[in-house]
Novice: 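One structure, pasted below without further comment.
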Amino acid sequence: MFNIRKIVKETIIDGVPYKPGKPIEELERELGINDIAKLASNENPCGTPESAKKAIIETIDKLYLYPDGESFLFKSAIAKHHSVDYNTIITGNATDELLQIAMITFLNQGDNVISSEHSFLRYGQMTKIAGGIYKQAPMKNMRYDLDAIYKLIDDKTKLIVIANPNNPTGTIVYDKEVRNFLDKVPENIAIIFDEAYEGFVESEEYPDSLKLQKEYPNKPIITMRTFSKLYGLAGLRVGYAIANPEIIKYFNIVRGPFNINMLAQAAGIACVNNTDHAKKSKELCVTEKKYLYQEYKRLGVEVTPTEANFILVKIDDKYDGQKIVDSLLRAGIIVRPMGAWGFNDNYMRITIGTHEQNVKLINALEKIFEKTAPKTNGASSHA
């Protein structure tokens with residue numbers, strides 16, 4: 001029998017796959033229940049825009065053909081939407097692929113990538129796959145600490161990744177501190193602003209990374225965004241990056257020739273050309289966030305104020321967090337435990353859903369708290 005460990009690339013030999021949130025179908029199979037509220041993966045509760053559905057239907061008869069490898073019409077729509085040059089854009093199979101492309105483009109063996117603790121788990125995995133070393137700066141008040149990140153820079157640093165808003169804390173870095181950071185960071189280090197949740201931000205202090213690209217032309221700044229959240233296209237995997245054309249030129253060498261499929265391109269164009277759905281999605285998020293803040297406070301659940309479409313919550317330490325998660329599953333509600341992100345079991349990331357879903361969540365939590373006995377002698381039990 002062959003020894004696969006002698007063949008596999010050393011940098012991934014002890015790695016583990018990324019584990020997404022539990023699918024609805026899996027919970028249906030396990031517990032035999034329906035009417036499930038999936039609040040674990042930050043999907044858009046408003047669904048997919050009708051304009052995107054129509055564009056998909058109109059494209060179906062062309063599926064025997066390869067998609068446009070250049071994504072010309074889609075990139076043209078993005079360029080018009082952001083008032084940027086066409087050559088500054090690359091489209092991808094969501095930002096996940098674009099992040100991997102960036103890692104492969106920039107990293108030689110032993111180079112390092114810097115980000116923050118309690119951030120998107122794939123940053124570290126992608127860095128290792130590309131042969132790099134991943135360094136995490138400590139957070140400060142549940143936010144990226146750019147000063148701490150700066151202190152980790154050395155002569156092997158090639159890339160800094162800033163999730164803004166951050167997943168899973170929902171917090172942002174502010175314009176003033178980003179400018180101070182950019183003033184100090186060497187010009188030979190690329191900086192990615194991963195803005196998957198940008199469309200939900202309310203803060204006036206949120207930095208405009210596209211504007212920063214123009215104001216700091218000598219800094220390799222890369223903006224990445226996705227259609228998975230605000231636009232409701234998570235199942236199609238649609239994303240794009242905007243950067244200096246020289247950066248995009250090398251990204252295009254790494255990316256596959258047909259990396260974004262025909263249906264994704266058509267749906268993406270429809271979303272860019274009709275932003276009504278996006279506006280509706282943000283309005284729902286803003287309204288329901290206020291409701292959830294109020295109800296979480298009433299229940300004694302601690303929240304981290306968010307600029308995204310999810311809230312990082314902490315259940316009182318007197319309860320066993322894992323049992324709370326399990327009880328929510330039995331009530332038909334899927335949330336995301338935060339153990340993999342370095343938090344204890346009482347932290348959960350919960351998507352802001354429809355009002356009906358949020359009411360269902362709050363009612364379930366209230367009943368669970370009433371029935372669940374506090375921890376005693378290091379253990380917890382059910383009444």
Side-chain angles (χ1 to χ4, degrees), residues 44 49 51-52 55 68-95 97-99 101-102 161-165 172-176 178-179 181-183 187 190-233 236 238-252 255 259-260 264-283 285 307-308:
N44 191 328
S51 60
D68 174 13
E70 176 66 18
S71 296
F72 177 79
L73 294 178
F74 186 25
K75 285 164 62 175
S76 297
I78 294 169
K80 182 179 179 181
H81 180 68
H82 288 299
S83 298
V84 298
D85 188 82
Y86 174 89
N87 292 322
T88 64
I89 301 166
I90 182 174
T91 54
N93 193 22
T95 49
E97 182 199 22
L98 295 169
L99 285 161
I101 286 173
V161 186
I162 300 171
N164 202 33
I172 62 171
V173 289
Y174 304 127
D175 183 73
K176 183 178 179 180
V178 167
R179 290 174 183 276
F181 182 68
L182 291 174
D183 288 339
E187 295 177 359
I191 302 171
I192 292 176
F193 288 95
D194 181 359
E195 298 179 347
Y197 300 94
E198 170 269 341
F200 298 102
V201 174
E202 296 180 78
S203 174
E204 294 181 355
E205 298 180 75
Y206 186 70
D208 183 340
S209 61
L210 296 179
K211 184 178 179 181
L212 292 173
Q213 287 185 25
K214 295 177 181 178
E215 293 184 19
Y216 291 83
N218 294 325
K219 299 292 174 87
I221 298 171
I222 304 157
T223 300
M224 292 189 180
R225 294 184 182 171
T226 181
F227 284 70
S228 296
K229 312 302 181 184
L230 189 68
Y231 291 104
L233 299 184
L236 279 181
V238 190
Y240 62 97
I242 299 176
N244 183 285
E246 283 296 302
I247 296 174
I248 299 300
K249 179 181 75 174
Y250 287 105
F251 281 5
N252 277 320
R255 76 167 177 88
N259 65 319
I260 179 167
Q265 291 183 40
I269 293 169
C271 288
V272 170
N273 290 338
N274 185 348
T275 58
D276 289 346
H277 184 85
K279 292 175 182 176
K280 174 185 172 184
S281 300
K282 181 174 181 178
E283 288 170 1
C285 179
E307 292 287 349

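Note that this is a predicted model, so its numbers are computed, not measured.
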Novice: Can you tell me how far OH of Tyr197 sits from CD of Glu307, rounded to the nearest 0.5 angstrom?
Specialist: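 Between Glu307 CD and Tyr197 OH, I get 14.0 Å after rounding to 0.5 Å.
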Novice: What distance separates Lys219 NZ from Asn244 CG, expressed to the nearest 0.5 Å?
Specialist: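 Going from the NZ atom of Lys219 to the CG atom of Asn244 covers 14.0 Å.
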Novice: Heavy-atom distance under 4.5 Å between the side chains of Leu233 and Cys271, does that happen here?
Specialist: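 Counting from C-beta outward, Leu233 and Cys271 do come under 4.5 Å.
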Novice: Can you name the nearest heavy-atom pair linking Ala243 to Ile248, along with the distance?
Specialist: O-CG1, 3.8 Å
Novice: Just by distance, with hydrogens left out, do Gln265 and Asp68 show a side-chain donor and acceptor under 3.5 Å apart?
Specialist: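 There is no such pair (donor and acceptor under 3.5 Å, judged by atom type) between the side chains of Gln265 and Asp68.
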Novice: How close do Asp194 and Thr95 get, counting heavy atoms only, and between which atoms?
Specialist: OD1-OG1, 4.3 Å
Novice: Locate the shortest heavy-atom distance separating Lys229 from Phe200; write the atom from each residue and the value.
Specialist: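 The answer is CB-CE1, 3.8 Å.
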Novice: Would you call Asp276 and Lys280 a salt bridge, taking side-chain N to carboxylate O under 4.0 Å as the test?
Specialist: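 Lys280 and Asp276: not salt-bridged.
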Novice: Would you compute the distance between atom CG of Asp175 and atom CD of Glu204 and round it to the nearest 0.5 angstrom?
Specialist: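 Separation between the atoms: 12.0 Å.
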Novice: Can you check whether Glu195 reaches Thr223 side chain to side chain, under 4.5 Å on heavy atoms?
Specialist: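 Result yes, sub-4.5 Å side-chain heavy-atom pair found.
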Novice: Do Ile89 and Ile242 come close enough that some side-chain heavy atom pair is under 4.5 Å?
Specialist: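 A side-chain contact exists here, since the closest heavy-atom pair is under 4.5 Å.
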Novice: With rounding to the nearest 0.5 angstrom, report the CD to CD1 distance, Glu205 to Ile172.
Specialist: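 Atom-to-atom, Glu205:CD and Ile172:CD1 are 7.0 Å apart.
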Novice: Could you check whether any side-chain heavy atom of Ile221 comes within less than 4.5 Å of a side-chain heavy atom of Leu182, counting everything from C-beta outward?
Specialist: yes
Novice: At their closest point, which heavy atom of Val173 faces which heavy atom of Ile162, and how far apart are they?
Specialist: CG2-CG2, 3.9 Å
Novice: For residues Thr88 and Gln213, determine if any side-chain heavy atom of one lies less than 4.5 Å from a side-chain heavy atom of the other.
Specialist: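 In short, these two side chains do not touch, never coming nearer than 4.5 Å.
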Novice: Taking side chain as C-beta onward, heavy atoms only, is Pro165 less than 4.5 Å from Tyr206?
Specialist: yes
Novice: Show your reasoning for whether side-chain contact (heavy atoms from CB on, under 4.5 Å) applies to Tyr231 and Val238.
Specialist: CA-CA 10 Å; Tyr231 291 104; Val238 190; over 6 Å; no
Novice: Nearest 0.5 Å, please: how far is CG in Leu230 from NE2 in His277?
Specialist: 7.5 Å
Novice: Indicate yes or no for a side-chain donor-acceptor contact from Asn252 to the backbone of Ile90 under 3.5 Å, with no hydrogens or angles considered.
Specialist: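 The answer is no, because no donor-acceptor pair under 3.5 Å joins these two groups.
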Novice: Can you give me every donor-acceptor pair (side chain of residues 76-85, partner residue at least two apart or in another chain, under 3.5 Å) with its distance?
Specialist:
from: Ser76; atom 1: OG; to: Phe72; atom 2: O; distance (Å): 2.7
from: His82; atom 1: NE2; to: Tyr240; atom 2: OH; distance (Å): 2.7
from: Asp85; atom 1: OD2; to: Asn87; atom 2: N; distance (Å): 2.9

Novice: Is the number of heavy atoms from other residues, nucleotides or ligands under 6.0 Å of Tyr250 OH greater than 12?
Specialist: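 No.
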Novice: Measure from the side-chain N and O atoms of Lys282 to the backbone N and O of Val201, and report whether any donor-acceptor pair falls under 3.5 Å.
Specialist: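 Checking the backbone N and O of Val201 against the side chain of Lys282, a donor-acceptor pair under 3.5 Å is found.
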Novice: May I ask you to test the Ile192-Met224 pair for a side-chain heavy-atom distance under 4.5 Å?
Specialist: yes
Novice: Using every non-hydrogen atom in the two residues, find where Ser71 and Ile260 come nearest and quote the distance to one decimal.
Specialist: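 Looking at all heavy atoms of both residues, the closest pair is OG-CG2, 3.1 Å.
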Novice: Ala270 and Ala55: which non-hydrogen atoms are nearest, and at how many Å?
Specialist: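 Looking at all heavy atoms of both residues, the closest pair is CB-CB, 4.0 Å.
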Novice: Between Ser51 and Asn273, is there a side-chain heavy-atom distance shorter than 4.5 Å?
Specialist: no
